Amino acid sequence: MSRRGAVQRKVPCLFVTEVKDEPSAKRERQPFKVLATDTITGKALEADVHNAVPTEKVDGTCCYVTTYKEFVWNVEEDFKPVPDTWIPAKDIEFSNGNPLPDENGHMPGWVPVEKNSKQYCWHSSVVNYEAGVALVLKHHADPGVLEISPVPLSEILEQTLELIGTNINANPYGLGNKKHPVHLLVPHGAFEIKNPPALKQNDILSWFETCMEGKVEGIVWHCADGCLIKLHRHHLGLPWPLAETYLNSQPVVISFNRTKYDYDFEPKSLFHHFSMLDGQRFDRLKDIKFDA
């Protein structure tokens, strides 16, 4: 599977941002907003953002696929802010063996997902360790069509992906329901924006507000040097989530050849449910339903 830049640090904004007090938000938990100015940051210019590949920012939780030793949860240790099993992100700097926060005060890292862990059950639902596959949402070979299919973990090794679905971030894409939760992995950079706006605040604002392709959480630019630059709708004072999203305006095909994997998936698993839909096409992601 082709890949673009991986997320191994907090992704900086395209524009210089400023914090503004919002009187209308006084009753909210956060009585201020971080909004974009019309000035592109020096970091974005250094990364040659004008020649970068713009992609849809998908609203989920970030995951990283890598090899990891077998381990057993230690309840007293593993649920502290930084458990013993914590893996620092690759771009983190160290001093005297200790990780240092970035310029925003963040220390990004990863916590291994154990397949029987209740805390990470939605992450585990999209990975079958025995078969060595993950459920991935990507583009189909036909233009304008999405595809859900099992992908060998070996093909996404060292990639970062976004977990989306029923129980993630209030489910902006309408996947599944309480009775039959649906979760999927989306490789970062999977959905390239074909008709992107110019890198000017007014042009991007207009694109978000008037273009169907702009009904997304934001844009992530993948630069040639591996740097990632982002812009969220919230940076321009626009709402998210939306009643209708671009991701849900495209048809989706289920491609699941069970004979290819020669594995008997658990009857209640997502893998089993999707295997029963092999070859079926739906108008939208939110139309996918499993039999009771």
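Residue numbers count from 1 along this sequence. The shown structure was predicted, so the numbers you read here are calculated from the model rather than taken from an experiment.
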Indicate the atoms forming the closest heavy-atom contact of [X] with [Y], along with that distance.
X	Y	result
A47	C223	O-CB, 3.3 Å
G176	T166	CA-OG1, 3.7 Å
S249	M212	CB-CE, 3.3 Å
G174	N248	N-ND2, 4.3 Å
P150	L135	N-CD2, 4.4 Å
F15	A36	CB-CB, 3.7 Å

Side chains of [X] and [Y]: is there a donor and an acceptor less than 3.5 Å apart?
X	Y	result
E158	Y64	yes
E147	H139	no
H188	E162	yes

Quick check for you: to the nearest 0.5 Å, what is the distance between [X] atom [atom1] and [Y] atom [atom2]?
X	Y	atom1	atom2	value
C63	L163	SG	CG	5.0 Å
I148	S255	CD1	OG	9.5 Å
H222	L228	NE2	CG	5.0 Å
H273	K268	NE2	NZ	9.0 Å
S125	L185	OG	CG	8.5 Å
K57	H232	NZ	NE2	5.0 Å

Under 4.5 Å between side-chain heavy atoms, hopping through other hydrophobics if needed: is there a path connecting [X] to [Y]?
X	Y	value
F274	L285	yes
I229	V16	no
L14	I193	yes
L184	F282	yes
F191	W221	no

Inset, instruction - Give the intermediate values and the outcome of side-chain contact (heavy atoms from CB on, under 4.5 Å) for residues V151 and I156. - result: CA-CA 8 Å; V151 171; I156 54 176; 4.1 Å; yes

Inset, instruction - Among Ile, Leu, Val, Met, Phe, Trp and Tyr joined by side-chain contacts under 4.5 Å, find the other residues sharing a cluster with V145 and list them by chain and number. - result: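 Direct or chained contacts put V145 with V253.
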
Inset, instruction - Applying side-chain contact (heavy atoms from CB on, under 4.5 Å), run through L175 and K286 and close with a yes or a no. - result: CA-CA 5 Å; L175 281 164; K286 64 173 59 176; over 6 Å; no

Below 4.5 Å, heavy atoms only, C-beta onward: do [X] and [Y] meet side chain to side chain?
X	Y	value
P251	R284	no
C227	E46	no
L277	F256	no
L205	L238	yes
V58	V216	no
I254	I288	yes
F290	N177	no
T17	H235	yes

State whether the number of non-hydrogen atoms from other residues, nucleotides or ligands found under 6.0 Å of [X] atom [atom1] is greater than 12.
X	atom1	value
K200	NZ	no
D48	CG	yes
E18	CD	yes

Can a donor-acceptor pair be found, under 3.5 Å and without considering hydrogens, that links the side chain of [X] to the backbone of [Y]?
X	Y	answer
H50	L45	no
D203	P197	no
K43	I40	no
S124	Y120	yes
T210	S206	yes
R233	G214	yes

Inset, instruction - Inspect the contact between K215 and E213 and indicate whether a charged nitrogen and a carboxylate oxygen are less than 4.0 angstrom apart. - result: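 Salt bridge flag = no for K215 with E213.
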
Legend entry - Sequence-distant partners of T61, side-chain hydrogen bond (donor to acceptor under 3.5 Å, both in side chains), two or more places apart: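 Expected list: none.
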
Legend entry - W240: partners by side-chain hydrogen bond (donor to acceptor under 3.5 Å, both in side chains), with sequence neighbours left out: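 Applying side-chain hydrogen bond (donor to acceptor under 3.5 Å, both in side chains) to W240 gives D59.
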
Legend entry - Chi angles and distances behind the side-chain contact (heavy atoms from CB on, under 4.5 Å) call for I168, H183: CA-CA 8 Å; I168 305 296; H183 298 87; 3.8 Å; yes

Inset, instruction - Could you give me the CA-CA distance, side-chain angles and deciding distance for I204 and N202, then say whether side-chain contact (heavy atoms from CB on, under 4.5 Å) is met? - result: CA-CA 5 Å; I204 298 175; N202 287 339; over 6 Å; no

Inset, instruction - Please find out if less than 6.0 Å separates the ring center of Y173 from that of Y246. - result: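 Between Y173 and Y246, the centre distance exceeds or equals 6.0 Å.
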
